[in-house]
Protein chains: 2
Amino acid sequence: MDFFNKVGKVALGSRLRLMTATITDDAARIYELYGINFMPKWFPVFYMLMEEREITITEIANEIGHSQPSVSKIIQEMITVGLVQENLKTADKRRNSVALTEQGILLSKELKLQWIDVEAAVESLITESNHNLWAALEEWEFLLQQKSLLKRVIENKKIRESQDVQIVPFEPKYLDAFKALNVEWISTYFEMEEADYKALDNPKEYILDKGGKIFVALYHNEPVGVCAMIKMKDDTYDFEMAKMAVSPKAQGKNIGWLLGQAIVNSAKEQGAKKIYLESNTILKPAINLYHKLGFQKVSGLATPYKRCNIQMELAV
Amino acid sequence: MDFFNKVGKVALGSRLRLMTATITDDAARIYELYGINFMPKWFPVFYMLMEEREITITEIANEIGHSQPSVSKIIQEMITVGLVQENLKTADKRRNSVALTEQGILLSKELKLQWIDVEAAVESLITESNHNLWAALEEWEFLLQQKSLLKRVIENKKIRESQDVQIVPFEPKYLDAFKALNVEWISTYFEMEEADYKALDNPKEYILDKGGKIFVALYHNEPVGVCAMIKMKDDTYDFEMAKMAVSPKAQGKNIGWLLGQAIVNSAKEQGAKKIYLESNTILKPAINLYHKLGFQKVSGLATPYKRCNIQMELAV
DNA sequence: GTTGATTACATAATTAGTTATGCAAATATA
DNA sequence: TATATTTGCATAACTAATTATGTAATCAAC
């Protein structure tokens, strides 16, 4: 298809669909050719019955990767043409144990001959081709099980969008954003406290003038994330990472990571040894991010915040 | 899937179906992720509209390999959500020329970003894998267009079944079969003639004793095909190939070819130079077979048969 | 030993496509 | 130029799957 070369690999799904359709169409004609009264869609179920002699519907579904209702219907169809018998006595009355009838067993012998020919035809296609479709499918099943297409796309989205994110130092024009972004999440999960108002209303006095820094994340030149590093008077810690906030509208763009990295790098440049932070375990994505940045849990330090139930540190 | 390794390549269709399902399922979730109100199945149609600006439904269908009703429905769905407009004035009033609306064009810009991410994800899968699924699909589309799976299976069936066919020399016990098989086809297409009865009733006298031969094709030890080589008194030709008959029940097993080969080989062994035959052009498969065996059309020879309207020869 | 959760299955509703059919417009043909 | 054929499309009917839902049987936990 010329179409697919034009469109590119986004059309993988469509291309697969078409290939599937051509193959199954031919499959139907092949059964006709052999004069066998058999529907292609019965194949995987029938095959399981050939192998297992007696098996339940759910077992078949799990094995062949169909839904249970799908197998249920196929079994019913095969019962009406006399290939399968059901309700073989089992202890568990919910289970519907099914098996081939005499006629089914007879048919399986005919089918085996046909499958030899089909297998040979597919083999010949594989031999003729440079790219092994069968092997590719097997490999892709594995790769997609490891990490789904969705996950892979999310990753790529993050990377692409984080390229549009700029991390810049604080300027007075970001004063409102610094407060608003923090108030947004704090008041969603907790309550604003005295210490919050101090820092958010007077960042110059409480953060910058004391040797701290604030970074702002811009997405398309809009401030969508902020984070502060506050100079500590402590012996062990040089800076506290605090007031990190990312707008919900801009989530999934790696912004937290980029802000955290900016803080850590800046601390390094200033010769810091250790960074400290306080948080709450209900903020799972945040805790996750801190872990990724390298922070480790510590305990026992004094804090002015009620909402703090976890403390972490990072040796720069 | 363990199932597919157990079953083997007959299950290619099923395996493709499952892969298609997983990919399209994820595709739907990807659109959700980007907050785009767009159905995966719209994709190929929408893409064509992006490329072509104005295009008819049948044109789209042909290009993307869908049926026309499928495109028709998709277009209608996209019209109801305001992405597409229809019935742009054309000279030909049957045609329904469609195009993106302003809103559609706007959406296409969002979609392009998403497709970049999907393309990158597929690319990464291709890089991670040894077997290139995309390339395999392209190659298989080509190979199947050259020769469909059905045709390939038919070929394999012929080969397998012709292995069960034995070509043996005539024996008295095949006398009835020799006559019956010939009467069957002659009386279907023509009328039995004087010369037919002579040869079929007394093959010993009219064929074998004069230095000719008869071969019988056995399928599961049943005589299902016959063919005679009759010694000719002519200067140019050594033998006439005649009375070839294959039971309709045993067609498609290459039996004609095997009988013909037996005749040709036997003629060679006896040092023959040229073989002759008579036939009728309404027997297309037979004429085809003679061509494959190497026979060429000649003309102008006398014949006792009314039904003869083509004469052929083979230089051994 | 009752109650709640889980399991096995059937049935119903939905989905994304397909063929089949019908009709009007356009084209070919006698 | 009348008539037959072809084309473009919509609509209907069907297909092969899916999710959603309901129900009886079984298992688990107090």
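Here the structure is a predicted model, which is why all the values come from computation and not from measurement. Naming: A, B, ... by sequence-line order, numbering from 1 per chain.
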Please state how far atom CZ in B:Arg17 lies from atom P in D:dT15, giving the value in whole angstrom units. 17 Å
If I take atom CD1 in residue A:Ile64 and atom C1' in nucleotide D:dA17, what distance separates them, rounded to the nearest angstrom? 12 Å
Among residues at least two apart in sequence or on other chains, which ones pass salt bridge (charged side-chain N to carboxylate O under 4.0 Å, His left out) with B:Glu32? none
Positions of residues 38-51 of chain A (non-hydrogen atom under 4.0 Å from DNA chain D), listed by number: A:Met39, A:Lys41
Once side-chain contact (heavy atoms from CB on, under 4.5 Å) is applied, do any residues pair with A:Arg307, and if so which ones, sequence neighbours excluded? A:Trp185, A:Ile186, A:Phe190, A:Glu193, A:Asp196, A:Lys243, A:Tyr305
Phosphate OP1/OP2 of D:dT18 contacted by A:Ser67 side-chain N/O (<4.0 Å): yes
A:Lys297: side-chain contact (heavy atoms from CB on, under 4.5 Å) partners, not counting sequence neighbours: A:Ile310
Donor-acceptor pairs are to be reported for all side-chain atoms of residues 111-118 of chain A against protein atoms at under 3.5 Å, with residues two or more places apart or in another chain.
| residue | atom | partner | partner atom | Å |
| --- | --- | --- | --- | --- |
| A:Asp117 | OD1 | B:Arg160 | NE | 2.7 |
| A:Asp117 | OD2 | A:Tyr34 | OH | 2.5 |
| A:Asp117 | OD2 | B:Arg160 | NE | 3.3 |
| A:Asp117 | OD2 | B:Arg160 | NH2 | 2.7 |

Run the side-chain contact (heavy atoms from CB on, under 4.5 Å) test against B:Arg17 and tell me which residues pass, sequence neighbours left out. A:Thr20, A:His66
For B:Trp42, enumerate each residue passing the ring pair (Phe, Tyr, Trp, His ring centres under 6.0 Å) test, keeping only those at least two apart in sequence or located in another chain. B:Phe38
Go through DNA chain C in 5' to 3' direction and return only the first and the last nucleotide with some atom under 4.0 Å of chain A's heavy atoms. C:dT7 to C:dG17
Mind checking side-chain contact (heavy atoms from CB on, under 4.5 Å) for B:Gln76 and listing every partner two or more places apart, or none if nothing turns up? B:Ser72
Is it true that a side-chain atom of A:Glu161 and a backbone atom of A:Lys158 form a donor plus acceptor pair closer than 3.5 Å? no
Between C1' of D:dA16 and OH of A:Tyr31, the distance in whole Å: 15 Å
Who pairs with B:Thr281 by side-chain hydrogen bond (donor to acceptor under 3.5 Å, both in side chains), at least two apart in sequence or on another chain? B:Asn309
Give every pair of a protein N or O atom and an N or O atom of nucleotides 8-10 of chain D that lie under 3.5 Å apart, one pair per line with the distance.
| residue | atom | partner | partner atom | Å |
| --- | --- | --- | --- | --- |
| D:dC9 | OP1 | B:Asn96 | N | 2.5 |
| D:dC9 | OP2 | B:Thr58 | N | 2.8 |
| D:dC9 | OP2 | B:Thr58 | OG1 | 2.4 |
| D:dA10 | OP1 | B:Asn96 | ND2 | 2.7 |
| D:dA10 | OP2 | B:Ser72 | OG | 2.3 |
| D:dA10 | N7 | B:Gln68 | NE2 | 2.8 |
| D:dA10 | N6 | B:Gln68 | OE1 | 3.4 |

For A:Glu155, the side-chain hydrogen bond (donor to acceptor under 3.5 Å, both in side chains) test, sequence neighbours excluded, returns A:Lys147
